[in-house]
Every structure is written in structure tokens, then in C-alpha cells.
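Just below is one structure, and these are the notes that go with it.
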Amino acid sequence: VKMSYHEQRHDAVLTVLEQYSLPTVLDLGCGSGEFLKRLRFQNWIAKGIGIDYDIPTLESCSQECSVSPGDYMFKRTSPLQIKLFQGSFLVESKHLQGVDSVVCIEVIEYIYDYDLP
């Protein structure tokens with residue numbers, strides 16, 4: 001089964017997070033939550049934080065990251081905490097404090113020249 005480039009990027013980021021044992025992950029530009037959802041199946045991840053600018057997208061992310069019956073087939077050693085916030089990479093946020101890693105996957109296409117200093 002051939003993985004999409006999207007899935008390959010997620011796998012590459014997860015590999016680095018595992019290699020360095022980074023238990024708290026902030027997904028800046030989390031979108032609909034596909035990456036955050038994958039954190040549920042990584043036992044070394046204790047906390048996932050999602051930040052996105054768009055409220056309807058965050059609502060979709062909240063649904064995507066909610067527990068589903070299939071999640072019980074994978075036994076975590078400890079519960080995963082996922083929190084979502086509205087925000088932007090352009091604005092300093094207290095949610096960036098105390099995290100072990102910040103990922104920003106497939107966000108560059110949403111950054112415009114006028115957003116840059």
C-alpha cells in the first residue's frame with residue numbers, strides 16, 4: 001500500500017518526535033486534526049496541543065480528535081491529553097510555553113508575503 005505524501009510527512013515527524021522522546025507536542029496550524037489524531041497511537045506522547053486560526057476548522061478538529069470506539073483497541077499506558085486553541089503563528093501565545101516540540105506541517109502554503117515581517 002503506497003502512502004500519500006501527506007502521510008509520509010506525518011510519519012517523518014512522528015519518527016523525529018519518538019527519536020528524541022518529546023512527550024508534549026504543539027501542532028501549529030493543526031487544521032482538522034489529522035496529525036493530532038495520530039498522536040493517540042503513540043504511547044510516548046502525553047499531551048497534544050492544537051492551534052489554528054479558523055474556528056470552524058477547530059470545531060472539525062475537536063470532532064476528529066474525540067474518542068471513537070476503535071480507539072479502545074489500542075491500549076495506551078497513560079491517557080493522552082489534547083487541547084485546542086484559536087491562534088496564529090503571527091501572535092505570541094502562552095500555549096507555546098512549556099512544550100517539548102512545535103510542529104508546523106503543511107502550513108507554509110497559508111502564509112502570505114504580507115504576513116511576514
Side-chain angles (χ1 to χ4, degrees):
V1 176
K2 187 175 180 180
M3 287 195 311
S4 68
Y5 291 126
H6 178 74
E7 294 168 319
Q8 289 176 39
R9 282 187 281 277
H10 285 191
D11 281 354
V13 171
L14 286 171
T15 297
V16 171
L17 293 174
E18 183 176 24
Q19 179 182 357
Y20 291 97
S21 300
L22 301 170
T24 305
V25 179
L26 185 142
D27 186 358
L28 191 55
C30 63
S32 62
E34 292 177 51
F35 184 75
L36 288 171
K37 184 176 181 176
R38 291 191 63 185
L39 298 182
R40 292 189 285 185
F41 306 104
Q42 316 304 322
N43 265 323
W44 74 92
I45 302 287
K47 184 176 183 181
I49 302 167
I51 295 181
D52 204 280
Y53 183 75
D54 188 58
I55 294 289
T57 300
L58 281 172
E59 290 169 354
S60 174
C61 182
S62 178
Q63 289 180 354
E64 183 74 23
C65 292
S66 63
V67 177
S68 64
D71 292 340
Y72 294 104
M73 295 174 66
F74 178 80
K75 179 93 170 132
R76 288 187 57 89
T77 54
S78 62
L80 172 65
Q81 182 182 25
I82 294 182
K83 293 187 176 188
L84 303 174
F85 302 98
Q86 184 195 25
S88 168
F89 64 90
L90 297 172
V91 180
E92 190 174 325
S93 172
K94 66 180 180 182
H95 306 297
L96 295 170
Q97 298 174 0
V99 298
D100 299 307
S101 60
V102 176
V103 299
C104 195
I105 305 168
E106 298 177 350
V107 173
I108 195 164
E109 57 265 33
Y110 299 101
I111 301 172
Y112 301 100
D113 290 342
Y114 56 79
D115 290 330
L116 302 173

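Computed over heavy atoms, backbone and side chain alike; hydrogens, waters and symmetry mates excluded.
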Does [X] have any side chain to side chain donor-acceptor pair (under 3.5 Å) partners at least two apart in sequence or in another chain, and if so, which?
{"X": "Ser62", "value": "none"}
{"X": "Glu7", "value": "Ser4"}
{"X": "Glu59", "value": "none"}
{"X": "Asp11", "value": "Arg38"}

Q: Step by step, work out the side chain to side chain contact (heavy atoms under 4.5 Å, CB included) result for Ile105 and Val13.
A: CA-CA 9 Å; Ile105 305 168; Val13 171; 3.8 Å; yes
Q) Can you list the residues that meet the salt bridge (Lys or Arg N to Asp or Glu O under 4.0 Å) rule with Arg76, with sequence neighbours excluded? A)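 With neighbours one apart ignored, the set is empty.
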Q: With sequence neighbours left out, write down each residue that passes salt bridge (Lys or Arg N to Asp or Glu O under 4.0 Å) with Glu18, or none if nothing qualifies.
A: none
Q: Using the side chain to side chain donor-acceptor pair (under 3.5 Å) rule, collect all pairs that involve residues 20-36, keeping only residues at least two apart or in two chains.
A: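 Qualifying pairs, neighbours excluded: His6-Glu34, Thr24-Asp100.
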Q) With hydrophobic residues grouped by side-chain heavy-atom distances under 4.5 Å, do Leu22 and Ile82 end up in a single group? A) yes
Q. Does one hydrophobic cluster hold both Val103 and Leu84, with members joined at side-chain heavy-atom distances below 4.5 Å?
A. yes
Q. Between Leu14 and Trp44, which heavy-atom pair has the shortest distance, and what is it?
A. O-CZ2, 3.7 Å
(Q) So which atom in Cys65 and which in Lys37 form the shortest heavy-atom distance, rounded to 0.1 Å? (A)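 In this case the closest contact between Cys65 and Lys37 is SG-N, 4.1 Å.
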Q: Sequence neighbours left out, what passes side-chain contact (heavy atoms from CB on, under 4.5 Å) with Gln8? Give chain and number order.
A: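 Met3, Tyr5.
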Could you list the donor-acceptor pairs under 3.5 angstrom formed by side chains in residues 46-57, with sequence neighbours left out?
{"unit_1": "Asp52", "atom_1": "OD1", "unit_2": "Asp54", "atom_2": "N", "d": "3.1"}
{"unit_1": "Asp52", "atom_1": "OD2", "unit_2": "Cys30", "atom_2": "N", "d": "3.4"}
{"unit_1": "Asp52", "atom_1": "OD2", "unit_2": "Gly31", "atom_2": "N", "d": "2.8"}
{"unit_1": "Asp54", "atom_1": "OD2", "unit_2": "Thr57", "atom_2": "N", "d": "3.1"}
{"unit_1": "Asp54", "atom_1": "OD2", "unit_2": "Thr57", "atom_2": "OG1", "d": "2.5"}

Q: Please test Leu17 against Thr15 for side chain to side chain contact (heavy atoms under 4.5 Å, CB included), starting from the C-alpha separation and ending with a verdict.
A: CA-CA 6 Å; Leu17 293 174; Thr15 297; over 6 Å; no
Counting C-beta onward and ignoring hydrogens, is there a side-chain heavy-atom pair between [X] and [Y] closer than 4.5 Å?
{"X": "Leu26", "Y": "Leu96", "result": "yes"}
{"X": "Pro23", "Y": "Ile45", "result": "no"}
{"X": "Phe35", "Y": "Val25", "result": "yes"}

Q.
Walk me through whether Leu39 and Leu36 qualify under side chain to side chain contact (heavy atoms under 4.5 Å, CB included).
A. CA-CA 5 Å; Leu39 298 182; Leu36 288 171; 3.8 Å; yes
Q: Mark yes when over 12 heavy atoms from residues, nucleotides or ligands other than Glu92 sit less than 6.0 Å from its CD; otherwise mark no.
A: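 Not buried by this count: 12 neighbours or fewer within 6.0 Å.
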Q) Above 12 or not: heavy atoms from other molecules or residues under 6.0 Å from CD of Gln63? A)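 Not more than 12 within 6.0 Å, no.
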